Colleague: 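Mind looking over this structure? Questions follow.
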Protein chains: 2
Amino acid sequence: MPHDGRVPSASIGGRVGRPPLTSREEILAAARRVIDSDGWQRLTIRRLAAELGVGAATVYHHVQDREDLLIQLLDSYADESMRTRLPSAPRERIVAATIAIHDTLAHWPWAAEVVAADGFLGRLSGSAVAMVEAIVAGAVECGATPAQATTVFRSLWYYTVGEILVRTRSDSSEADREARAPAFTDFDPEATPTLAAIGPRWLEFSARDTFAVGVDAFVDGLLSRIADDAG
Amino acid sequence: MPHDGRVPSASIGGRVGRPPLTSREEILAAARRVIDSDGWQRLTIRRLAAELGVGAATVYHHVQDREDLLIQLLDSYADESMRTRLPSAPRERIVAATIAIHDTLAHWPWAAEVVAADGFLGRLSGSAVAMVEAIVAGAVECGATPAQATTVFRSLWYYTVGEILVRTRSDSSEADREARAPAFTDFDPEATPTLAAIGPRWLEFSARDTFAVGVDAFVDGLLSRIADDAG
DNA sequence: ACCTGAACACCGTTCAAGT
DNA sequence: ACCTGAACACCGTTCAAGT
């Protein structure tokens, strides 16, 4: 990078040099094809390059690294699928936006890998960032200070990320579950009477989707604290 | 495995064959040494075998696979560090147990990798499982049905796992953060006025530890729902 | 300006053969 | 009964050299 004001001769009169074989857009499209056909576990830089018919090193001219690729991919998915109309009442808007974020992430199991990447939130765009705005603005409308509104968002974000992560990891076959977690059905009634009493029903209870109920409860608790501070 | 009642001749008269060079206990101890000296990212089967002075394949005679190793390791840590005396009031016991689980996991950044593994909860032992019992039993004492008590635990567990995961991933250097998330400080004031108004203070707000406040709020919300159902 | 092959520095896991 | 070397089937990433 010349800092002396010289213009690289190649840039005079438009583009020169070897024409591009691929682009950021083509790479993202190819990544979606690989995930659809082979599953997200198979989305490696090498497999992606093969899908595009280029060398693996070429990919690095269009994305920084694997994490950057996954974040861009999730952001492009998120921007498409979070175009929900939100309620105007602030409390209901917070709940609806949180559920919209959750439902989007739940559709892509690999989201859990990238959702917590450093700076992920800061690289969102379009409708995804609109959901974040909806939650934070909703909290402010409910009387929160900027710091409190940020805490409301972060708390709901942790809950969402945790649910997605555990859900993803628990989506293995019944046979795997049996082999991996045989102990959960026979707890010691002396040391852990309540768990022992629940017994095998734990698995049944855990299979229920209680995310929305949890969001509702959490928002109640978070907003009641703001009222306490104000009053 | 003979199903015909024959006893393998080797088992008559005690142990025979090549004596063990290592054991499950030695492997766990070596794993801790590797993490302490080289960091948890360096804890690979090959590095671990080198630490023990055995071949990599030998490790597989004592642990099922890498995930099994990490779960056993975390469980042994957890059993040691979750020996907290809990309050007797059920609501406070739920809060204290959740915070105890969180604080234990927060000390080992690699916990996030394994905490959501399929069946992880079912393989806990000792004081770790006592914390789960404390939360579920506390909820029952507050009037929850077994299904509701399970939901209380799972909701708090998701929140805890999410916080640990995001915390771990955000613990990179300030320089990394600058490079990765430059966008978070200049949001479009038209599209996202609240985020734009918060601006660079977002990073300051996000650095605050609000986990305990969140648990308190979440438990309030979850228990109020049980009261609603009962009344 | 962009692309490439080859290399670097690794992984987890399996298995026939040895002790 | 346990251990091993070697192999299998991969990774992400870099870089000098080519077009």
Side-chain angles (χ1 to χ4, degrees), chain A residues 1-2 6-27 30-31 34-35 38-73 110 113-114 117 176 179, chain B residues 1-2 6-27 30-31 34-35 38-73 110 113-114 117 176 179:
Chain A
M1 344 153 172
R6 268 194 305 120
V7 176
S9 60
S11 74
I12 296 173
R15 308 193 150 283
V16 294
R18 187 168 180 171
L21 278 182
T22 187
S23 64
R24 196 191 77 99
E25 283 71 28
E26 276 188 17
I27 286 173
V34 171
I35 289 174
D38 293 21
W40 74 271
Q41 295 90 339
R42 301 281 181 185
L43 180 63
T44 64
I45 299 290
R46 286 163 189 267
R47 174 73 182 81
L48 180 59
E51 178 76 20
L52 286 159
V54 300
T58 302
V59 174
Y60 287 89
H61 285 271
H62 301 276
V63 300
Q64 268 187 24
D65 51 28
R66 187 181 135 86
E67 186 173 296
D68 179 57
L69 169 72
L70 291 174
I71 290 178
Q72 287 194 47
L73 193 59
W110 48 268
E113 214 188 290
V114 89
D176 280 11
Chain B
M1 341 155 175
R6 269 195 303 120
V7 177
S9 61
S11 73
I12 297 173
R15 308 195 149 281
V16 296
R18 187 167 180 172
L21 277 182
T22 187
S23 64
R24 198 192 75 98
E25 283 71 28
E26 276 187 17
I27 286 173
V34 172
I35 289 173
D38 293 22
W40 72 273
Q41 295 91 340
R42 300 282 181 185
L43 180 62
T44 65
I45 299 289
R46 286 163 190 267
R47 174 74 182 80
L48 179 60
E51 178 76 20
L52 287 159
V54 300
T58 301
V59 175
Y60 287 90
H61 285 271
H62 302 275
V63 300
Q64 267 186 25
D65 51 28
R66 187 182 137 85
E67 187 174 295
D68 179 58
L69 168 74
L70 291 174
I71 290 177
Q72 287 193 48
L73 192 60
W110 48 269
E113 216 188 288
V114 91
D176 280 9

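These numbers come from the heavy atoms of this one structure, side chains and all, not from hydrogens, waters or symmetry mates. The shown structure was predicted, so the numbers you read here are calculated from the model rather than taken from an experiment.
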Colleague: Tell me the interatomic distance from B/E26, atom CD, to D/dC2, atom C1', rounded to whole angstroms.
Modeller: 14 Å
Colleague: To check you understand the geometry: which heavy-atom pair defines the closest contact between A/A49 and A/A56, and what is its length?
Modeller: CB-CA, 3.5 Å
Colleague: In whole Å, I'd like the distance from the CD1 atom of B/I27 to the P atom of D/dC2.
Modeller: 12 Å
Colleague: Charged N to carboxylate O under 4.0 angstrom, A/E113 versus A/R66?
Modeller: yes
Colleague: At less than 4.0 Å, is any side-chain N or O atom of B/R18 found next to OP1 or OP2 of D/dC3? Yes or no.
Modeller: no
Colleague: Between D/dC2 and C/dC15, how far is it from one C1' atom to the other, in whole Å?
Modeller: 14 Å
Colleague: Among residues 43-59 of chain B, which contact DNA chain C at a heavy-atom distance under 4.0 Å?
Modeller: B/T44, B/I45, B/R46, B/A57
Colleague: Please determine, for the side chain of A/Y60, which listed nucleotide (C/dT13, D/dG12, C/dC3) has the closest atom?
Modeller: D/dG12
Colleague: What is the distance, to the nearest angstrom, from the CD atom on B/Q41 to the C1' atom on C/dC11?
Modeller: 15 Å
Colleague: May I have the distance from A/H62 (atom NE2) to C/dC2 (atom P), rounded to whole angstrom?
Modeller: 7 Å
Colleague: In whole angstrom, give the distance that lies between atom CD of B/E67 and atom P of C/dG12.
Modeller: 13 Å
Colleague: Expressed as a whole number of Å, how far does the P atom of C/dA9 sit from that of D/dC8?
Modeller: 23 Å
Colleague: Quick one: OG1 on A/T22 to CD on A/E51, what's the gap to the nearest 0.5 Å?
Modeller: 11.0 Å
Colleague: For a quick test of reading the model, state the closest non-hydrogen atom pair linking A/Y60 to A/D65 and the distance between them.
Modeller: CE2-CA, 4.1 Å
Colleague: Side chain of B/R42: nearest nucleotide among C/dC10, D/dC3, D/dT13?
Modeller: C/dC10
Colleague: To the nearest 0.5 angstrom, please state how far the CG atom of B/L48 sits from the CD1 atom of B/I35.
Modeller: 9.5 Å
Colleague: Expected output check: what is the dot-bracket annotation of DNA chain C, where ( ) and [ ] are pairs inside the strand (brackets for crossing ones), | is paired with another strand, and pairs are Watson-Crick or G-U under 3.5 Å?
Modeller: ||.|||||...|||||.||
Colleague: Measure CZ/B/R24 against C1'/D/dC3 and give the value in whole Å, please.
Modeller: 20 Å
Colleague: Show the nearest heavy-atom pair for residues B/T44 and B/R47, with the distance to one decimal.
Modeller: OG1-N, 3.0 Å
Colleague: Please report, rounded to the nearest Å, how far the P atom of D/dC15 is from the NE2 atom of A/H61.
Modeller: 12 Å
Colleague: Report the distance from atom NE2 of A/H62 to atom CD of A/E25, rounding to the nearest 0.5 Å.
Modeller: 10.0 Å
Colleague: Give the rounded distance in Å between these two atoms: CG of A/D38 and P of D/dC10.
Modeller: 12 Å
Colleague: CG/A/L69 to CD1/A/I45 distance, rounded to the nearest 0.5 angstrom?
Modeller: 5.5 Å
Colleague: Working to the nearest 0.5 angstrom, can you tell me the gap between B/L70 CG and B/L43 CG?
Modeller: 6.0 Å
